[in-house]
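These notes are about the structure you will find just below.
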Amino acid sequence: MMQDVEIISIGNELLIGKVLNTNAHWLSKRATSMGIEVKRITTIPDDVNETARAIRETLKREPEFIVTTGGLGPTFDDKTLESIAKALKRKLEVNKEALEMVKEKYQTYARKRRSNNTELTQPRVKMATIPENSTPIRNPIGTAPGVQVNLENTVLIALPGVPREMEAIFEQTVAPMLRHASHGAIFYEESIYADDVMESALAPLIDKVMIDNSAVYVKSHPRGAENKPHMEIHFSMTTADEKKAQETLHKAVTQLSDMIMRIDGKVFPEQQVTS
């Protein structure tokens, strides 16, 4: 059984279209590549009640992991940790380990700038104020620590919204957890491209291939126009057996390619993309 993750993206800037949600896209690709199934991506505003509600609703589905992004900084609209505390009915507290992480960062910044500005002001302490019984995660390149909360059925991980920081924490701390949970499973994929065949004509062929190759998911992606069809057809599966993956994907790709050519379509390998 595949382990799963739900992603909660937090930020008004995402909902008004000011910022593209690249974090969710990046996380989805990385989690999928490690054999973890992304079940849902939720985007919500910088609002304590909305975020707490979203976390509670997600916990009811009992995913193996929940990853939130955004809202860990020092400003008034960084409310994710307050929201997590509310959702879990826990107190917020200044965590000594998190505070030391923040303190070390500002001392490093001060040395580089030859400044004495290392005071732990209220906004700086805010980044070390996390829900009780949670664990801070070191931020390799930024200031705000991530936070991990181990619950009965779910590991909840809060990451910063700054992409470079989010990615750095993920690779250093979260990725090993996901790899361990997936028991060595890897996501395998392959694409072919087809010309001169409508998606409606492809549909029953894809159905047939998926019935004959139940471990493979096949999805068509139109890339051309209705009067000049050009399709990417994507094959994927998740398994810990590399040889099985290669054999199974090859069988599915060959079967569909042969069926397309029988209806006078043209098939190209992934490397040969026609205009």
Side-chain angles (χ1 to χ4, degrees), residues 1-7 9 20-41 43 63-65 67 69 163 166-167 170-171 174-175 178-179 181-275:
M1 180 178 175
M2 285 182 65
Q3 303 299 319
D4 60 338
V5 61
E6 292 200 28
I7 298 167
S9 303
L20 188 65
N21 195 351
T22 57
N23 283 344
H25 176 260
W26 188 91
L27 284 168
S28 296
K29 287 183 70 68
R30 289 295 289 121
T32 299
S33 73
M34 291 181 281
I36 302 293
E37 184 178 10
V38 180
K39 281 290 186 70
R40 188 179 269 99
I41 297 172
T43 305
E64 183 78 9
F65 297 95
V67 178
T69 63
M166 182 277 295
E167 293 170 14
F170 181 92
E171 295 295 356
V174 183
L178 299 189
R179 291 193 188 98
S182 70
H183 304 291
I186 296 176
F187 180 75
Y188 296 88
E189 59 184 332
E190 187 172 342
S191 288
I192 59 174
Y193 293 83
D195 285 349
D196 301 333
V197 55
M198 297 284 189
E199 191 172 31
S200 56
L202 270 178
L205 308 185
I206 290 174
D207 288 346
K208 170 66 174 169
V209 170
M210 290 184 66
I211 290 171
D212 293 347
N213 305 273
S214 58
V216 181
Y217 182 74
V218 187
K219 175 70 175 177
S220 58
H221 300 277
R223 303 298 189 200
E226 192 69 25
N227 61 345
K228 191 180 179 182
H230 174 63
M231 299 284 174
E232 178 189 359
I233 307 164
H234 184 250
F235 302 74
S236 62
M237 65 180 295
T238 300
T239 179
D241 188 333
E242 181 178 2
K243 182 179 180 182
K244 177 184 177 182
Q246 292 173 344
E247 292 175 349
T248 305
L249 284 176
H250 177 73
K251 178 175 177 287
V253 169
T254 300
Q255 181 182 2
L256 185 58
S257 297
D258 290 345
M259 295 167 72
I260 291 171
M261 288 188 286
R262 289 195 203 108
I263 59 172
D264 296 325
K266 298 181 180 67
V267 178
F268 304 91
E270 185 171 17
Q271 294 77 9
Q272 184 177 351
V273 183
T274 59
S275 58

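These numbers were taken from a predicted model, which means no experiment stands behind them. Residues take their numbers from the sequence shown, with the count starting at 1.
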When you compare the side chain of I192 with that of V253, does any pair of heavy atoms fall below 4.5 Å?
yes
Answer whether the closest heavy-atom distance between the side chains of L178 and V5 falls below 4.5 Å.
no
Distance-minimising heavy-atom pair for M198 and M231
C-CE, 4.1 Å
Report yes if some heavy atom in the side chain of V216 is under 4.5 Å from a heavy atom in the side chain of K251; otherwise report no.
no
Inter-residue atom distance Q255.CD - M210.CE, 0.5 Å rounding
12.0 Å
Can you tell which of H230, K228, K266, R223 makes a side-chain hydrogen bond (donor to acceptor under 3.5 Å, both in side chains) with D195?
H230
Min side-chain heavy-atom separation L249-M237 under 4.5 Å:
yes
Considering only NZ, NE, NH1 and NH2 on the basic side and carboxylate oxygens on the acidic side, decide whether E6 and R40 come within less than 4.0 Å.
yes
Distance in Å, E199 CD paired with I206 CD1, rounded so as to fall on 0.5 Å steps:
7.0 Å
Please verify the inter-ring angle class for W26 with F170; under 30° counts as parallel, over 60° as perpendicular, anything in between as tilted.
perpendicular
Point-to-point distance, once rounded to the nearest 0.5 Å, from CD1 of I186 to CG of D241:
10.5 Å
Mind checking the CE-CG spacing from M261 to D196? Nearest 0.5 Å is all I need.
13.5 Å
Determine the minimum heavy-atom distance between I36 and M2, stating which atoms define it.
C-CE, 4.0 Å
Scanning both residues in full, the closest heavy-atom pair of T69 with S9 reads OG1-CA, 3.7 Å
What is the distance from atom CD1 of I260 to atom CD1 of I233, rounded to the nearest 0.5 Å?
3.5 Å
For R179, is there any backbone N or O sitting under 3.5 Å from a side-chain donor or acceptor partner on S182?
yes
E167 bridged to R30 by N-O distance under 4.0 Å:
no
One should read off an interatomic distance between Y188 OH and K244 NZ, to the nearest 0.5 angstrom, of 11.5 Å
Within the structure provided, determine whether S28 and I7 are in side-chain contact (heavy-atom separation under 4.5 Å).
yes
Should M166 and L27 be marked as a side chain to side chain contact (heavy atoms under 4.5 Å, CB included) after you check the CA-CA gap, both sets of side-chain angles, and the distance that decides it?
CA-CA 9 Å; M166 182 277 295; L27 284 168; 3.7 Å; yes
Within 6.0 Å of NE2 in H250, more than 12 heavy atoms from elsewhere:
no
Please report the shortest heavy-atom distance between T238 and F187, naming the atom on each side.
OG1-CD1, 3.5 Å
Looking only at heavy atoms, the pair that brings A181 and F65 closest together is CB-CE1, 3.7 Å
Are any non-hydrogen side-chain atoms of N213 and V218 less than 4.5 angstrom apart?
no
Atom of P229, atom of V197 and distance for their closest heavy-atom approach:
CB-O, 3.4 Å
